[in-house]
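Below: one structure, written as structure tokens.
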Number of protein chains: 2
Amino acid sequence: MQTALAAAQGCLGFAVRRSARAMAQYYDAALAPAGIKGTQFALLNAVFLLERPGMQSLAEALGMDRTTLTRNLRPLETQALLVLQAGADRRERHVVLTEAGLATLTAAQRLWEQAHGRLVHGLGADRSRRLLDDLRDLTALAKDV
Amino acid sequence: MQTALAAAQGCLGFAVRRSARAMAQYYDAALAPAGIKGTQFALLNAVFLLERPGMQSLAEALGMDRTTLTRNLRPLETQALLVLQAGADRRERHVVLTEAGLATLTAAQRLWEQAHGRLVHGLGADRSRRLLDDLRDLTALAKDV
DNA sequence: GACAAAAGAGTGCATATACACTCTTAACGT
DNA sequence: ACGTTAAGAGTGTATATGCACTCTTTTGTC
């Protein structure tokens, strides 16, 4: 199998990124009935859990660049799933879910659970947990060095 | 730590993608002296190993969409690190490294080894191998279902 | 209180990603 | 040989990603 190319050399970066492409397609397909993509689901979910977060803290929670977040919010704003509100400090912008956003999130959560379940079932619960741990440490390592 | 948000729910897709962002930044920085990015290194490396591959087989080897590959080749073509040649079958396009491309690849390989070594050292050799295995299976799972 | 420094956030540019669609050329069936 | 089908690859559009730079507002210093 040619797919083993760079993976044959054991490049963690390549392996993770290739897997990320597969994950994106997998979750995008699973969440399509809700009208959002995988990254957008993670975004809505974070906004819901953090309750009116600022851009900076939201970006950090998601582990993505602040400027990437700004642009990723755009299509969700267009769909009216969330709105940006100015804070008391007028430099700040807070992200708030709309009712439509909450409804979409709720629908997406059910779809996510099914999709997630299939992966965990296929990989095994222990191995899934272990993989999450390994990825967390790898990510931390890459940011340290 | 807020970073645990969606990861707290153990979403494999989110964890892999967040890790991919970190890997991209890590390897991009490490390879900067060679003038290329992480994805471009993987691409050059694959072209080198496959020897004059067609678009289809190269895309499959890298686990990325055929149309993504077309565009990812563009900046490397501009830098004259590779060229596209028509095949005997004139529908086909073969990718070939230039001398400059080979030189860049060689330089990048040394930088990659150092960067890779730091990650493997930090994570441990056994755990690194295990992580690669887990990612391979996860990727296969996502493509199956 | 005025001015410099710092914090919060957006833009310009470039790459990465892939689906739907189109174009060109080869293979095939009669 | 001709027309249909299939194969190989590129484009249009949209999202994802982040660095360098800029803009606005607040904080801090005197």
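First the proteins, then the strands, lettered A, B, ... as listed; each starts at 1. Keep in mind that the numbers below use all heavy atoms, side chains included, and drop hydrogens, waters and symmetry copies.
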TODO: Would you tell me if any nitrogen or oxygen in the side chain of A:R71 comes within less than 4.0 Å of OP1 or OP2 on D:dT17?
DONE: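 For D:dT17, OP1/OP2 do not have a side-chain N/O of A:R71 under 4.0 Å.
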Open item on the list: Counting only side-chain nitrogens and oxygens, does A:Q25 get under 4.0 Å of the OP1 or OP2 atom of C:dA18?
Closed with: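 Answer yes for this pair, as a side-chain N or O of A:Q25 is under 4.0 Å from OP1 or OP2.
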Open item on the list: Let me spell it out: for each of A:N72 and B:T70, pick the nucleotide of DNA chain D with the closest heavy atom. Which residue's pick is nearer the 5' end?
Closed with: B:T70
Task: Whichever of B:L84 and A:T39 has its nearest DNA chain D nucleotide further upstream toward 5' - done: B:L84
[X] has a side chain; which of [options] sits nearest to it?
{"X": "A:T67", "options": "D:dG18, D:dA16, D:dG10", "value": "D:dG18"}
{"X": "A:R21", "options": "D:dG10, C:dT11, C:dA18", "value": "C:dA18"}
{"X": "B:R91", "options": "C:dT24, C:dG12, C:dA18", "value": "C:dT24"}
{"X": "B:R66", "options": "D:dT15, D:dA9, D:dG18", "value": "D:dA9"}
{"X": "A:R17", "options": "D:dA16, C:dG10, C:dT17", "value": "C:dT17"}
{"X": "B:R90", "options": "C:dT25, C:dC19, D:dA9", "value": "C:dT25"}
{"X": "A:D89", "options": "C:dT17, C:dA18, D:dT25", "value": "D:dT25"}
{"X": "B:D65", "options": "D:dA16, D:dA20, C:dC19", "value": "C:dC19"}
{"X": "A:T68", "options": "C:dT17, D:dG18, D:dA9", "value": "D:dG18"}
{"X": "B:M64", "options": "C:dA16, C:dA18, D:dC19", "value": "C:dA18"}

Roughly how many Å is it from [atom1] in [X] to [atom2] in [N], rounded to a whole number?
{"X": "A:K37", "N": "D:dT17", "atom1": "NZ", "atom2": "P", "answer": "11 Å"}
{"X": "A:F14", "N": "C:dT17", "atom1": "CZ", "atom2": "C1'", "answer": "14 Å"}
{"X": "A:L73", "N": "D:dT17", "atom1": "CG", "atom2": "P", "answer": "12 Å"}
{"X": "B:E92", "N": "D:dA7", "atom1": "CD", "atom2": "P", "answer": "13 Å"}
{"X": "A:R74", "N": "D:dA14", "atom1": "CZ", "atom2": "C1'", "answer": "14 Å"}

- [ ] State plainly whether the residues B:D133 and B:R130 are in salt-bridge range, i.e. N to O under 4.0 Å.
- [x] no
Quick one: does any side-chain atom of [X] pair with a main-chain N or O of [Y] as donor and acceptor, under 3.5 Å?
{"X": "B:Y26", "Y": "B:A115", "result": "yes"}
{"X": "A:T98", "Y": "A:A80", "result": "yes"}
{"X": "B:S19", "Y": "B:A15", "result": "no"}
{"X": "A:R21", "Y": "B:G63", "result": "yes"}

